[in-house]
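Here's the structure, in structure tokens; my notes come after.
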Amino acid sequence: MKKIRKAIFPVAGLGTRFLPATKSQPKVMLPIVDKPIIHYVVEEALGAGIETIIFVTGRSHQAIENYFDISVELEDFLREKKKEGMLREINDISNLITPCYIRQRVARGLGHAVLMAKDLIGDEPFAVFLADDVIDAEVPCMKQMIDVYERYQCSVIAVMEVDPKDTRAYGIIEPRDLQKGFYQILDMVEKPDPKDAPSNLAVIGRYILTPEIFDLLESTEPGKGGEIQLTDAIKALLKRQAVYGYAFQGKRFDTGDKLGFLEATVEYALKNPEVREGFRKYLLDLYEEYATEAARRPGGDAGPPPKG
Ligand code: G1P
């Protein structure tokens, strides 16, 4: 059985939902507490045993390359100041991955971005990580998926139940229940209207795909939004071989969305040993302030803030 060793990170997106913050930096470089979004997702890949990461980038995305490279000036400075801990922290992740970079010159969609990595992947199954999706899990989400892959040796796609009114934001699967949280995918639709959605099981940004997907991507016509959609190529793949949907254990944050980004910031801050206590106290005080203010408003009936 071929091991999953390589992963594609399509990161060429323009991040328009986060303008102007993303005017001069890639959105995956925005920090959640003290690490850029992409750092969390690369950590997940490492935790799943991925060795090579192929970043499909765009113009003005050099910040990503610099982040996973060494910074001689910064290292000399930290060494001189005897800040060994910090030195280790900035180096740990870049020492552990072999990064490759490919430029996606024109934004033609997710399917096109994945196809750009065809020659670097070769004839082996591989992972795809959409770095906007940060998944907090005890066992890294991709590791859970690799366990499923090793059992069935077929493509595996992460899925999650969403509010039926939100299907327009996701690829949606038509599932055949196999076990709890494990489905054979019978069909897929990219961002359907709720009335046309085959279920409320949405594709989340983690995929394990067999290399047959590349030939299918090559013949995939532009679909939703005029873009070459990975969903459409997977839809063709599942006519040839089984593709499974796997409801992972963990909490997913859509950091490409302002609210999701803020939720991730709050939750990761509450886990961070350096700021946890102070931040928790701040949130409780803030809640009290809001609750008191709401109670003062005519007809206000806000209950007491949670204690503890
Ligand atoms: C992409 C995929 C979609 C998937 C989503 C998950 O859409 O095309 O099928 O459900 O990621 O985050 P995007 O969010 O890039 O528009």
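Atoms considered below: every heavy atom in the structure, side chains included; atoms not considered: hydrogens, waters and symmetry mates. As the structure lists them, so they are numbered: ligands from 1, and atoms in each ligand from 1.
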### Summary
Among V128, V203, L110, closest by heavy atom to atom 6 (C) of ligand 1 is V203

### Task
Enumerate the atoms of ligand 1 whose separation from the nearest heavy atom of Y170 is less than 4.0 angstrom.
10 (O)

### Query
Would H112 and E227 count as a side-chain hydrogen bond (donor to acceptor under 3.5 Å, both in side chains) if you check the C-alpha gap in whole Å, the side-chain angles of each, and the deciding distance to 0.1 Å?
CA-CA 8 Å; H112 178 249; E227 298 190 335; over 6 Å; no

### Query
What protein heavy atom is closest to atom 11 (O) of ligand 1, reported as residue, atom name and distance in Å?
L130 CD1, 3.3 Å

### Message
Quick check on atom 15 (O) of ligand 1 - does any protein heavy atom sit closer than 4.0 Å to it?
### Response
no

### Summary
Quick note on ligand 1: atoms under 4.0 Å from a heavy atom of K191 include exactly 7 (O), 13 (P), 16 (O)

### Message
Judged on heavy-atom distance to atom 2 (C) of ligand 1, which of E190, M160, M188, R206 sits nearest?
### Response
E190

### Summary
The answer for which part of L230 has a heavy atom under 4.0 Å from ligand 1 is neither

### Query
Short list, please: which atoms of ligand 1 are under 4.0 Å from a heavy atom of G171?
3 (C), 4 (C), 9 (O), 10 (O)

### Message
Could you tell me, atom by atom, which parts of ligand 1 come under 4.0 Å of a heavy atom of T231?
### Response
9 (O)

### Face-on cation placement of K35 at Y40 ring, 6.0 Å and 45° thresholds
yes

### Message
Ring-plane angle category for Y244 and Y152, please: parallel below 30°, perpendicular beyond 60°, tilted otherwise.
### Response
tilted

### Task
Using modelled atom types only, decide if a donor and an acceptor are shared between the side chain of K6 and the backbone of L120 within a distance under 3.5 Å.
yes

### Task
For the pair H39 and Y67, name the ring-plane relationship: parallel under 30°, tilted 30 to 60°, perpendicular over 60°.
perpendicular

### Query
What part of D133, side chain, backbone, both or neither, has a heavy atom within less than 4.0 angstrom of ligand 1?
side chain

### Message
For E44, is there an ion pair with K143 - N to carboxylate O distance below 4.0 angstrom?
### Response
no

### Query
Does a side chain donor of either T98 or E51 reach within less than 3.5 Å of an acceptor in the other side chain?
no

